[in-house]
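These notes concern the structure reproduced below.
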Amino acid sequence: MAFDKEMQIILKGVEEIVPKEELLKKLEKSEKTGKPLRIKYGIDPTGSEVHIGHLVPIRKMREFQDLGHIGVIIIGDFTAQIGDPTGKDESRPPLTADQVNANAERYMEQLYTVLDPEKTEVRWQSEWFGKMGLDDVLKMLGKFTLAQFLAHDTFRRRYESGTPLGMHEIMYPVLQGYDSVAIDADIELGATEQKFNILTGRDMQRYFGMEEQIAVLSPILMGTDGVNKMSKSLNNYIAVFDTPKDKYGKTMSIPDDLIINYFNYATLLSVEEIQAIDAELKSGSNPKFIKQRLAREIVKMYHGEEEAKKAEEEFNAVFSQGKIPTDIPEFTFTENEMDILSLLSETELCTSGGEARRMIKQGAVSLDGNKIASKDEIIKLEGEMILKVGKRRFAKLIKG
RNA sequence: GGAGAGGUUCCCGAGUGGUCAAAGGGAACAGACUGUAAAUCUGUCGGCGGACGCCUUCGAAGGUUCAAAUCCUUCCCUCUCCA
């Protein structure tokens, strides 16, 4: 087969391709006409942080780019004001246009850590939706029936459980589908939960007499808690803008049985390398070291070898040997002595006096390694001292 | 438009005049333990002051009462059934 190599790259780490047999035709056509395929991926700039779960399909886009195709990023400035209802059980408060603009810029910055800017086209939904009149919208909506949408699990569940479901939310797949018409997409990337929306794009293209796009669906990356999918609202994510130290630490906190999953979807290692790691893991070698390799790989992707090594050393020092991290906030005091409660609130190690007292009572507070026994303790400030709360909160006190 | 149900602390969810800062679960945080920021166990979990107390909180605004999350009035929002 002519496209063996291409198919192998495209299929790697992909959960599902619908419909698979059309993909080969697209590739053949592209080769014959010399016209690159247009690979669509839509983002809703509802926040400004991208996490590595988002990047799974983005990395796929990069692979398409490396094969010579064009990546088209849709900035969903209209859909962002709706909030994607699929895969969610609750409405999201709409955003203002200003927030959307601000988010979009920061978003792209993070995507370019993976994408090839030369082969990336960025398009805004407002380019086409901004010009539409109500008649266009009605025509578009008339192509679908309510039953089609209620057949979708998310909508049905929301409806049946009595959770509010706004009319505008039902519009979401329609808008996303029309994007594919507007940019003439050949392939749309997304996580598996996007299947419905992406297939709506096929319907839409068909209604407009166009060739239908193909859905290339990536698996959903599990969050660091190992229970839910990676998501901002659940705070179980590793962000592109996280510090190397945080990326490393968060990776180390994932459950052991997620290790291979992360290797597959969050690193650039080849299938063979990952198979070797899997074998090693199954042979009973200490998962900690394999997880450290994973953490190193992830940090390396975004910050380079050097930073990865540093993050690992730091992690070992702080968590394995109980040492103090290197980059801790410093506070200079001119007073000769202060009571411990004031110190804890001034350094923002504790958010309230009540919390500070609680932490002391629980034996969580120490100064230069000596446990603080009483909330009435007066600290003599001299030179540099390290104040510590729990395992992860530190402050350096400097006598000014 | 008609008839019902409901909006509680970060989330879910009990509570229907004082004993409620408000059960229980989840999340989070801390301690012990561990190869780990995993798992498990224990504890904490509105703010201020050493408990007693005070302040802020139960959709919003008023009102009744010595006293309200709990009663009344108006308003906002959600769901169900009927049309």
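Proteins get letters first, then strands, A, B, ... in listed order; numbering begins at 1 in each. Below, all heavy atoms of this structure are taken into account, side chains as well, without hydrogens, waters or symmetry copies.
- Of the candidate nucleotides B:rG31, B:rC29, B:rC79, B:rC29 has the atom nearest to the side chain of A:Met359.
- Defined by atom type and a distance below 3.5 Å, a donor-acceptor pair is missing between the side-chain atoms of A:Lys310 and A:His303.
- With B:rC45, B:rU36, B:rC29 as the choices, the nucleotide that has an atom nearest any side-chain atom of A:Arg358 turns out to be B:rC45.
- With 3.5 Å as the limit, one finds a donor-acceptor pair spanning the side chains of A:Ser180 and A:Gln213.
- Of the listed residues (A:Ile214, A:Ile198, A:Leu23, A:Leu217), just one forms a side chain to side chain contact (heavy atoms under 4.5 Å, CB included) with A:Val18, and that residue is A:Leu217.
- Contacts of A:Met252 with the nucleic acid, taken as non-hydrogen atoms under 4.0 Å apart, include base atoms.
- Side-chain to base pairing of A:Gln362 with B:rG43: one donor and one acceptor N or O lie within less than 3.5 Å of each other.
- Base pairing annotation: B:rG6 forms a Watson-Crick or G-U wobble pair with B:rC77, both donor-acceptor distances under 3.5 Å.
- Using N1 to N3 plus N6-O4 or O6-N4 for Watson-Crick, or N1-O2 and O6-N3 for G-U wobble, each under 3.5 Å, B:rA14 pairs with nothing.
- Inspection of the A:Glu16 and A:Thr192 side chains reveals no N or O donor paired with an N or O acceptor under 3.5 Å.
- Remark: the A:Lys288 side chain and the B:rU36 base include no donor-acceptor N/O pair separated by less than 3.5 Å.
- Among the heavy atoms of the strands lying under 4.0 Å from A:Gly354 are primed sugar atoms or P, OP1, OP2 only; no base atom is included.
- Put simply, OH on A:Tyr248 is 16 Å from P on B:rG35, counting in whole angstrom units.
- Across all strands shown, A:Phe315 has heavy atoms under 4.0 Å from base atoms, whether or not it also approaches the sugar-phosphate.
- As judged by a 4.0 angstrom heavy-atom cut-off over every strand, A:Lys375 is placed among residues making no nucleic acid contact.
- Side-chain proximity of A:Arg393 to the nucleotides B:rA38, B:rG35, B:rA30 is greatest for B:rA30.
- A 3.5 Å limit on both hydrogen-bonding distances identifies B:rU42 as the Watson-Crick or G-U partner of B:rA30.
- Both A:Phe149 and A:Val137 sit in one connected hydrophobic cluster of ILVMFWY residues. Membership requires side-chain heavy atoms under 4.5 Å apart, directly or through other members.
- Counting any heavy atom pair closer than 4.0 Å across all strands shown, A:Lys391 reaches a base atom.
- B:rU70 is unpaired under the Watson-Crick or G-U wobble criterion, no partner having all donor-acceptor distances under 3.5 Å.
- Across all strands shown, B:rC82 is found opposite B:rG1 as a Watson-Crick or G-U wobble partner, with both distances under 3.5 Å.
- Base pairing analysis places B:rU64 opposite nothing; no Watson-Crick or G-U wobble pair with both distances below 3.5 Å involves it.
- With distances taken from any side-chain atom of A:Asp376 to the nucleotides B:rC79, B:rG35, B:rG50, the minimum falls on B:rG50.
- Side-chain atoms of A:Ala364 lie closest to B:rA30 of the nucleotides B:rC45, B:rA30, B:rA37.
- The distance from atom NZ of A:Lys371 to atom P of B:rA30 is 13 Å, rounded to the nearest whole Å.
- Side-chain rings of A:Phe144 and A:Tyr207 approach one another, their centers coming within less than 6.0 Å.
- For the OP1/OP2 pair of B:rC48 and a distance below 4.0 Å, the side-chain nitrogens and oxygens of A:Ser352 include at least one atom meeting the criterion.
- Note: CZ (A:Arg357) to P (B:rG31) measures 19 Å, nearest angstrom.
- For B:rG35, the base has no donor-acceptor partner in the side chain of A:Asn316 [N/O atoms by modelled type, under 3.5 angstrom].
- Picking from B:rG31, B:rU36, B:rA38 the nucleotide with the shortest atom distance to the side chain of A:Pro255 gives B:rA38.
- Pairing for B:rU19 is absent, with no Watson-Crick or G-U wobble pair whose two atom distances lie under 3.5 Å.
- A sub-4.0 Å separation between OP1 or OP2 of B:rU78 and a side-chain N or O of A:Arg158 is absent.
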